[in-house]
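Fair warning: this is a prediction, and the values are worked out from it, not measured in the lab.
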Amino acid sequence: MRPRLFISTSVAAGFLATLALPGQALAETSVPSPTPVTTDDTPTADATGPATVGDAPAAPDGQGPVTLTKRVSGLPWAAASPFDYTNDRANFRVSAWSSGDDATVTSLTARFYPLNAPTGAAPVLTVTDFAYTDAHVWRATAPVVLPAFGAYRVALDVRDDHGYDVTLPAGGTVEYQQVVHFSSYTQTVPSNFDFDHRTVTVQGALTLTDPGTGQVSPFPGATVSVYNNTSGSSPKATTAADGTFTTSLDAGGAIQTFGEYEPVREDSWTHTHAYAYLPQPDLPASEPTRIRLTSPSDVDVPAGAATVTGVVERKAGDVWLPAPRTFFDLSGPQTGSEWISSGFTDDRGAFAIPISQAGAYQVRDEATDFLQQSPVESVRVHIPQHGAQFTGLSISQDATGQGRIAGRLTLGQAGAPPAGTTVRVQYSADGKTWRDAATTTVGRQGLGKDEFLCGVRQGGNANGYWRVSFLGNRDWLPVTGKAVHLLRTPTRITGGRPSTTHASHNQKLSFSGNLQQSAAGTWHAYGHATVRLWFQPSGSKTWHLMSTATTDTRGQYSLSAKDTNSGTWYVAYQSPDTHHLNSTSVHTRVGVK
């Protein structure tokens, strides 16, 4: 038989990508999409085929047949496709190629053998009547009817108009099967489909269709699996003598089930798959919900962790009832402030959430098809924990004896402490026994939110040990900064009084005395140090440097200056390093006539 249409090899390859595997019957009227077969799907020879020559050269025109077990360039080739059970008949197709682009397949023959047939056995069916469709595909003009259900080896003979004649003893394997259908499939939900009434009943029936005779009969003893679009069980049911089945399951929400018959291993060659789908889900009624906390909404925990407890409740009519096995969510510091699912309530609707980090939290339940999302409940948890620290701490003393303590107090990830947080400044003479010397507020006016600054003096200066301490609060444990020892040597000036307090204009005034420094509580001469004489005229606010001198080895000094106006005089030592404290003599007023 000559084809009425020739299509190139490239077009044929595209079509082959759509060829079907064995037909699988769907519920009602549909069939699932099969696995595509490509041009590389070459069937394997089985033990019932005769000895073959795999790489036989191309035979001259008019000679043959040549027996092949794999494709050889320049010779025809063919491959059987699995049966297509459209219209419940075993429709058979063969993909066939000629010896070249300028050649045309002129005839096909298919011979069917049971897989267990002995070598040399006669075929149980021979098909020679094919119609060309397109893209190298030939269709048997009549459905195939085989003597028994099961798997068959197909041997193929293909001839083209160049005279090539090829025999393929293993042209493919096909499965001759009874076609399984869901003749009916329904699901039934309660009339009051809600949280308390969710049992769904699924019922249906399976039939068998003989593709040879078209006879339809019940399918007893088959296992049907029922799946649904929500989490939960997937029950199985066994069909009765009349092919019917019934099973049930608890819906997790809007429910849409589908049934499947999948042949067991011993039936996989004799029965098709079958599927049943429902067009749309059944929707339950949703109930309002709320969170009722059973632990305090503001709680102090001395150490460790807290547990927030509560109950998720749902409103059924006018009554609030527990909502068991319901999702609940948490948001707060330990979740990065994101809403994170924390688990399910128990059978009484209760939940318990361990909290390991202080802060403000929110709890809610998740919306489901049965339950609406609850309003948010807030919880404040206070757990004193590590994380408070002093940074940028500076403790120093200037030459006047004034101490300066500055730094920052941060509270872990919270950053700056709450407004009004105080830091205690503590003093110790020996570095062992401490007492509070001052208190300063973090973030006071003019400072950053985490900054503090304090001036201190103990007696006449800031000599001694200093540290800062945060006593902690509901959320943070106390922390104490490192102690710093401040020490500058005290100095003093003796003498320093003018030679007269009643002077004439331009009279020379003389000042003398000693500069001393303290060591272990005893005063000693401070030699080779610079002292200065300062004068402030009456009615002025400006001090003027009048004279400078260096003490001798005994710490003695001598200064002089002319007195031109009435005013105040004094002698001063100003430390040029960080080891001594400044000192001044008494201030003396001198009147000028």
Side-chain angles (χ1 to χ4, degrees), residues 12-26 30-46 48-49 69-71 77-97 108-117 123-158 168-181 208-212 214 260-275:
F15 175 81
L16 287 173
T18 67
L19 291 181
L21 284 176
Q24 299 175 338
L26 287 179
S30 59
V31 176
S33 299
T35 304
V37 177
T38 68
T39 54
D40 293 328
D41 290 329
T42 304
T44 303
D46 57 69
T48 62
T69 58
K70 64 180 180 179
R71 195 166 184 175
W77 183 256
S81 297
F83 286 135
D84 170 15
Y85 287 98
T86 301
N87 299 322
D88 295 338
R89 291 293 189 264
N91 303 295
F92 181 58
R93 288 179 173 83
V94 174
S95 298
W97 293 265
L108 281 172
T109 298
R111 300 184 302 280
F112 293 82
Y113 301 85
L115 283 187
N116 58 356
V124 296
L125 176 68
T126 300
V127 177
T128 59
D129 193 5
F130 289 86
Y132 183 76
T133 58
D134 58 11
H136 300 289
V137 177
W138 299 73
R139 178 179 56 84
T141 57
V144 169
V145 178
L146 292 168
F149 298 111
Y152 291 82
R153 174 177 61 86
V154 181
L156 296 170
D157 298 330
V158 55
L168 309 171
T173 299
V174 294
E175 295 169 352
Y176 190 62
Q177 301 169 306
Q178 296 190 81
V179 183
V180 182
H181 282 297
L208 294 173
T209 300
D210 186 323
E260 178 186 16
Y261 165 71
E262 182 177 7
V264 293
R265 184 173 181 178
E266 57 270 20
D267 293 337
S268 61
W269 286 353
T270 58
H271 292 75
T272 64
H273 278 73
Y275 303 89

Plane angle bin for Phe149 and Tyr176 - parallel if under 30°, tilted between 30 and 60°, otherwise perpendicular: parallel
Parallel, tilted or perpendicular, as decided by the 30° and 60° cut-offs, for the rings of Phe83 and Tyr85: perpendicular
Inter-residue atom distance Thr209.OG1 - Gln177.CD, 0.5 Å rounding: 12.5 Å
Atom CG of Asp210 with >12 non-hydrogen neighbours under 6.0 angstrom: yes
His181 and Thr272, any side-chain heavy atoms less than 4.5 Å apart: no
Straight-line distance of Tyr113 OH to Leu125 CG, nearest 0.5 Å: 11.0 Å
Side chain to side chain, Thr128 and Leu108, heavy atoms closer than 4.5 Å: no
Worked check of side-chain contact (heavy atoms from CB on, under 4.5 Å) between Asp157 and Arg111: CA-CA 9 Å; Asp157 298 330; Arg111 300 184 302 280; 2.4 Å; yes
Point-to-point distance, once rounded to the nearest 0.5 Å, from NE2 of His271 to CD of Glu175: 12.5 Å
Between CD on residue Glu262 and NE2 on residue His273, distance to nearest 0.5 Å: 4.0 Å
Heavy-atom pair with the smallest gap, counting every atom of Val145 and Gly212: CG2-CA, 3.8 Å
Taking every non-hydrogen atom, the tightest pair across Ser268 and Pro263: CA-CB, 3.8 Å
Stepwise side-chain contact (heavy atoms from CB on, under 4.5 Å) test for Trp138 and Val158: CA-CA 11 Å; Trp138 299 73; Val158 55; over 6 Å; no
Any side-chain heavy-atom pair of Pro147 and Tyr152 under 4.5 Å: yes
Distance-minimising heavy-atom pair for Phe130 and Ala110: CZ-CB, 4.0 Å
Side-chain heavy atoms of Pro114 within contact of Val124, under 4.5 Å: yes
Heavy-atom closest contact (Ala80 atom, Gly172 atom, distance): CB-CA, 4.4 Å
Side chains of Thr86 and Asn91, donor plus acceptor under 3.5 Å: no
Candidate pair Leu156 and Thr109, rule side-chain contact (heavy atoms from CB on, under 4.5 Å), full reasoning: CA-CA 6 Å; Leu156 296 170; Thr109 298; over 6 Å; no
Heavy-atom check, side chain of Pro211 versus side chain of Asp88, under 4.5 Å: no
